[in-house]
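Below you'll find the structure, written out as structure tokens, and then a few comments.
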Amino acid sequence: MPVDNISSFESVATPQEAVERLIELHDSAIEAQRHALEHFFATGTAPTPLERSRFRYPELRLDYRASSVPPIKQRAYAKFQGPGVYATTITQPTFYRNYLLEQLNFLVRDYGATIEVGVSDQEIPYPYVFERGDELGRGAHSASELAQHFPTPLLAKVGDEIADGTWNFQENEARPLALFDAARVDYSLRRLVHYTGSDWRCVQPWILLTNYHRYVDQFIRWAVKELADESGPYTRLELPGGITIERGLEEAATEELIASSPWHRFQMPAYHLMRKDGQGVTLVNIGVGPSNAKNITDHLAVLRPHCWLMVGHCGGLRQSQSIGDYVLAHGYLRRDHILDGAVPPEIPIPALAEIQVALQEAAVQVTGEKGEELKRRLRTGTVVTYDDRNWELRWSQERRQINLSRAIAVDMESGTIAAQGYRLRVPYGTLLCVSDKPLHGEIKLPGAANAFYERAVSEHLMIGLAALDILRGQRTSLHSRKLRSFDEPPFR
């Protein structure tokens, strides 16, 4: 919306008042469209133009007028790059309340920004006003008929131009306040439900991504044990298909619920262990390949998690490595190609010191090894990520690139996940476990692989979880300035 329309917005005195007003406007718009849809299903009567004008997202605007040199702040987010009006549309403000308050409190306190809230010109697509979506299947009205009378999701309105730095600044328009606007967020929230099989509200801010279901089995066993601890911080476990395991549930009932979860119906099933303070952990089995890795992180990013870590398997590329050794990635040779347009391969993806140190400290805690003893099992180095599982069949072509990169491991997801973290400003890290050594004749065979899985998965997962425990106490420094551009939107 042009800046000169700002007079139609309502000034609010505090961040708290702004968030309450956003909630009021969003709830009103959702209720108005739900009512219109119900009326249409019942009578076939379409909403009037006046009624449809109420189906719009709320908009949040900040006006920063620098009267002196902007303050120098060490944090990586909640900073203005210069004076001006900044704006974004907002969805689900009740869910994002704490996030919004954190950003706004910093910007008002440190910069003296003023806040205005109003109704945007961005319509809420009708599929997003119902929780499940099956409410739209009633009656004889087709999707094409609904689209004649109600707002629909338009790909032209959903994009990553802000995150990718390709948005065009116009003198008479507000600057972006956040990486994602309301339409982009709502799009991803619904995709998360589709792919993971669970309510998007269950996704926790500390995320582990894996490429093997055996990590899921171990995660569930660990989560159930944590829930059995009455003095522990965890309160419940959410499984795919809306299955909930509450603290204090009998063992037999717990096992029955675990067995009943229809996880196999979902492409990337997710498991969420909730904490009292909202700082729980989510594990997503993303499957194999960079397409899945990009897909799930495109959508998880709108929740603004504190970090995602890849804990999966890899092929070891050095003679000195053994099956079951760990690889802590400090660089990536990205041969996945899926992000070449958004983040060209020549753009370096930096290792984040806080996460590297946390993973190393977690390995010491879990294995009980340190110094030279740990170095024999845990190597830092470059991971090459391919989009072709049978890269070995092109060894004569790939050998030089692998050699020049000094890569010590190969997989199909880590480079993509790290590049997505860099691109979408979500802290990232990779700890892999060597499951085979394709260059040295140690290939995956059923018997050897099963023995390896039994031995390695539990310890590997526990290192990832221990690293998240360490990082929970470092949230401010974790959100690194390495991930921010020179024209970064203020919101994290």
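Predicted model only: the values in this text are computed from it and were never measured.
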Are Ile463 and Gln365 close enough, and set up right, to give a side chain to side chain contact (heavy atoms under 4.5 Å, CB included), and what steps lead you there?
-> CA-CA 8 Å; Ile463 294 173; Gln365 290 179 15; over 6 Å; no
Do the side-chain N and O atoms of Tyr332 and Thr430 include a donor-acceptor pair separated by under 3.5 angstrom?
-> yes
Ion pair Asp186/Arg190, N-O distance below 4.0 Å = yes
Count the heavy atoms belonging to other residues, nucleotides or ligands that lie under 6.0 Å from CZ of Arg109, then report whether that count exceeds 12.
-> yes
For Trp263, what residues pass the ring-ring contact (aromatic ring centres under 6.0 Å, His included) criterion, not counting sequence neighbours?
-> His213
Is there side-chain contact between Trp222 and Leu283, with at least one heavy-atom pair below 4.5 Å?
-> no
Under the salt bridge (Lys or Arg N to Asp or Glu O under 4.0 Å) rule, what pairs show up with a residue in residues 459-477, not counting sequence neighbours?
-> Arg377-Glu459, Asp469-Arg472
Go through the side-chain N and O atoms of Thr89 and Gln122 and say whether any donor and acceptor fall under 3.5 Å apart.
-> yes
What do you reckon, is CD of Glu256 surrounded by more than 12 foreign heavy atoms closer than 6.0 Å?
-> no
Tell me the salt bridge (Lys or Arg N to Asp or Glu O under 4.0 Å) pairs involving residues 482-492, sequence neighbours left out?
-> Arg425-Glu488
Between Glu10 and Arg61, is the closest basic N to carboxylate O distance under 4.0 Å?
-> no
Contacts satisfying salt bridge (Lys or Arg N to Asp or Glu O under 4.0 Å) that involve residues 304-314 (not counting sequence neighbours) are none
Is the count of non-hydrogen atoms from other residues, nucleotides or ligands lying under 6.0 Å from Leu154 atom CG greater than 12?
-> yes
May I ask you to test the Pro489-Leu177 pair for a side-chain heavy-atom distance under 4.5 Å?
-> no
Any chance you could lay out the side chain to side chain donor-acceptor pair (under 3.5 Å) test for Asp181 and Thr88, step after step, and finish with the verdict?
-> CA-CA 6 Å; Asp181 67 6; Thr88 189; over 6 Å; no
Indicate whether the side chain of Asn285 and that of Thr210 have a donor and an acceptor atom separated by less than 3.5 Å.
-> no
Using residues 77-85 as the side-chain source, report each donor-acceptor pair under 3.5 Å to any protein atom, sequence neighbours left out, with the distance given to one decimal.
unit_1	atom_1	unit_2	atom_2	d
Tyr77	OH	Glu102	OE2	3.0
Lys79	NZ	Lys73	O	3.2
Lys79	NZ	Arg75	O	3.1

Going by atom types only, do Gln267 and Asn292 share a side-chain donor-acceptor pair under 3.5 Å?
-> yes
Step through the shown structure and confirm whether more than 12 heavy atoms of other residues, nucleotides or ligands are within 6.0 Å of CD on Glu251.
-> no
Pairs involving residues 281-294, ordered by first then second residue, that meet salt bridge (Lys or Arg N to Asp or Glu O under 4.0 Å) (sequence neighbours left out) = Lys294-Asp298
If you measure from CG on Asp336 to CE on Met412, what distance do you get to the nearest 0.5 Å?
-> 9.5 Å
Can the ring centroids of His26 and Phe95 be said to lie less than 6.0 angstrom from one another?
-> no
Taking atom types as modelled and ignoring hydrogens, do the side chains of Glu238 and Thr244 form a donor-acceptor contact shorter than 3.5 angstrom?
-> yes
Once the angle between the rings of His460 and Tyr215 is folded into 0 to 90°, is it parallel (under 30°), tilted (30 to 60°) or perpendicular (over 60°)?
-> perpendicular
Check: Val129 and Phe55 side chains under 4.5 Å, non-hydrogen atoms | no
Glu123 and Lys157 ion-paired at < 4.0 Å = no
